[in-house]
Number of protein chains: 2
Amino acid sequence: MTPTAFIVLGLLERLGSASPYELKQQATATLGNFWSTPHSQIYRTTEALAAAGLLAVRAETTPGGRGRTVYSLTRKGRRALATERRHTAADLPELRDPALLRLYFGADPAPLAVEQLAAHRRQLAAYEARRAQDDGTEPRGPWLTLRAGIAHEREWIKFWRDLTGAADGHTNRMAGSDG
Amino acid sequence: MTPTAFIVLGLLERLGSASPYELKQQATATLGNFWSTPHSQIYRTTEALAAAGLLAVRAETTPGGRGRTVYSLTRKGRRALATERRHTAADLPELRDPALLRLYFGADPAPLAVEQLAAHRRQLAAYEARRAQDDGTEPRGPWLTLRAGIAHEREWIKFWRDLTGAADGHTNRMAGSDG
DNA sequence: CCCACCATGTAACATGTTACATGATTGG
DNA sequence: CCAATCATGTAACATGTTACATGGTGGG
């Protein structure tokens, strides 16, 4: 099962039923900060899952006339989701950061670091606001991923902060916060 | 400029000249741990860069008969690389970890955590071996990205270690090392 | 000499990115 | 009522993944 398929099934379990458009909105709002999915892929995936019998299709006509297609889990879809949840994956994530790539190939660290630092600080603030806003009722999964996000943002901030003032001289190394 | 193009130019600056095959080997060996690139894309990119005048092409016939195509930077290619190095990007990386995705959608943390913990420990060991092996002559860029890799691996290990024993009960939260 | 693996690619298909299209709704 | 935006998609193209092809090379 592809990640997108898993996301579609997982979101539909929560939402009951939804159009691909709504699924995309949900995905952006909830997973968006650690996993992005293009809407084109959501449309393809809902079609494929429906063809495979994991989703039921319903054509809706909203008052006003504009139609849309609404999907919901079938029993088979529920089973597939449960099975997939039990699988464990041993794949590791990649860092895959364009800024890191530039750094690797010899870009001057300081200007990169200034931008990255600001962006990561904004991101961390957003995460922490979300955590603060939570009243303790959010399910454990999302809460844990939020925790992971916060931890890694803090690492990025440490990393780039150390580089904001680093001169681009001949010395390869510097004293760092690295243990 | 696409990341792959930047990688091809950057590697060719180091290597002087290389075939797409060699570029792929180099990319895997050096960047592989934080940025992967499929070989198909390397072949496409070398062709495109050559067509744009950033690379010079030379058809080689190795003793034995098997031919290959060797590329090297043109002056224009060097200029493009220098320009690109000066650009700063404000895009943030995504975590994009399949295990995190499962966690988000309610997978039982413990079994996931066991596998992830082991895998991240191996990865950290590999990074640290590389750092230990370095005699201080490695350029700063690679050394910095290695440092980032190590820091994040440590975060992942903390994260998953806290989850290896977590019961999958009704309590949403637990005491964590999060500060 | 044969099998396995390295070197060197090409091709088919899946996924991701970006642009376009079009009907409703709403703020000015 | 016009422009912007939301809702709802389709399509074109770029990139990534995976399978296949084929010539050399080295070990048993």
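Below, chains carry the letters A, B, ... as their sequence lines are ordered, and counting in each starts from 1. Model, not experiment: these values are computed from the prediction.
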Could you tell me whether a side-chain N or O of A/Gln116 sits under 3.5 Å from a main-chain N or O of B/Ala89, the two making a donor and an acceptor? yes
Determine yes or no for a side-chain-to-main-chain donor-acceptor pair under 3.5 angstrom, with B/Arg96 supplying the side chain and A/Ser36 the backbone. yes
Lys/Arg-Asp/Glu bridge criterion (N-O < 4.0 Å) met for B/Glu13, B/Arg85: yes
So, with a heavy-atom separation below 4.0 Å from DNA chain C, the residues of residues 19-30 of chain B are B/Ser19, B/Pro20, B/Tyr21
Please state whether the phosphate of C/dG16, meaning OP1 or OP2, lies under 4.0 angstrom from any side-chain nitrogen or oxygen of A/Thr37. no
Shorter than 3.5 Å, N or O on both sides, protein versus nucleotides 10-13 of chain C: list them out with atom names.
residue : atom : partner : partner atom : Å
C/dT10  : O4   : B/His39 : NE2          : 3.1

Could you check how far [atom1] of [X] sits from [atom2] of [N], rounded to whole Å?
{"X": "A/Glu60", "N": "C/dG23", "atom1": "CD", "atom2": "C1'", "value": "16 Å"}
{"X": "B/Arg68", "N": "C/dC6", "atom1": "CZ", "atom2": "C1'", "value": "13 Å"}
{"X": "A/Tyr71", "N": "D/dT8", "atom1": "OH", "atom2": "P", "value": "13 Å"}
{"X": "B/Ile7", "N": "D/dT15", "atom1": "CD1", "atom2": "P", "value": "12 Å"}

Does A/Tyr43 sit in a hydrophobic cluster with other residues, and if so which ones, taking ILVMFWY side chains as linked at heavy-atom separations under 4.5 Å, directly or through other members? A/Tyr21
Residues which pass side-chain hydrogen bond (donor to acceptor under 3.5 Å, both in side chains) with [X], listed by chain and number, not counting sequence neighbours:
{"X": "B/Arg44", "value": "B/Gln41"}
{"X": "A/Arg161", "value": "none"}
{"X": "B/Glu115", "value": "A/Thr88"}

Remember a base hit wins even if backbone is also touched, and classify A/Ser36 as base, sugar-phosphate or nothing at under 4.0 Å, heavy atoms. nothing
In terms of the angle between their ring planes, are B/Tyr104 and A/Phe34 parallel, tilted or perpendicular, with boundaries placed at 30° and 60°? tilted
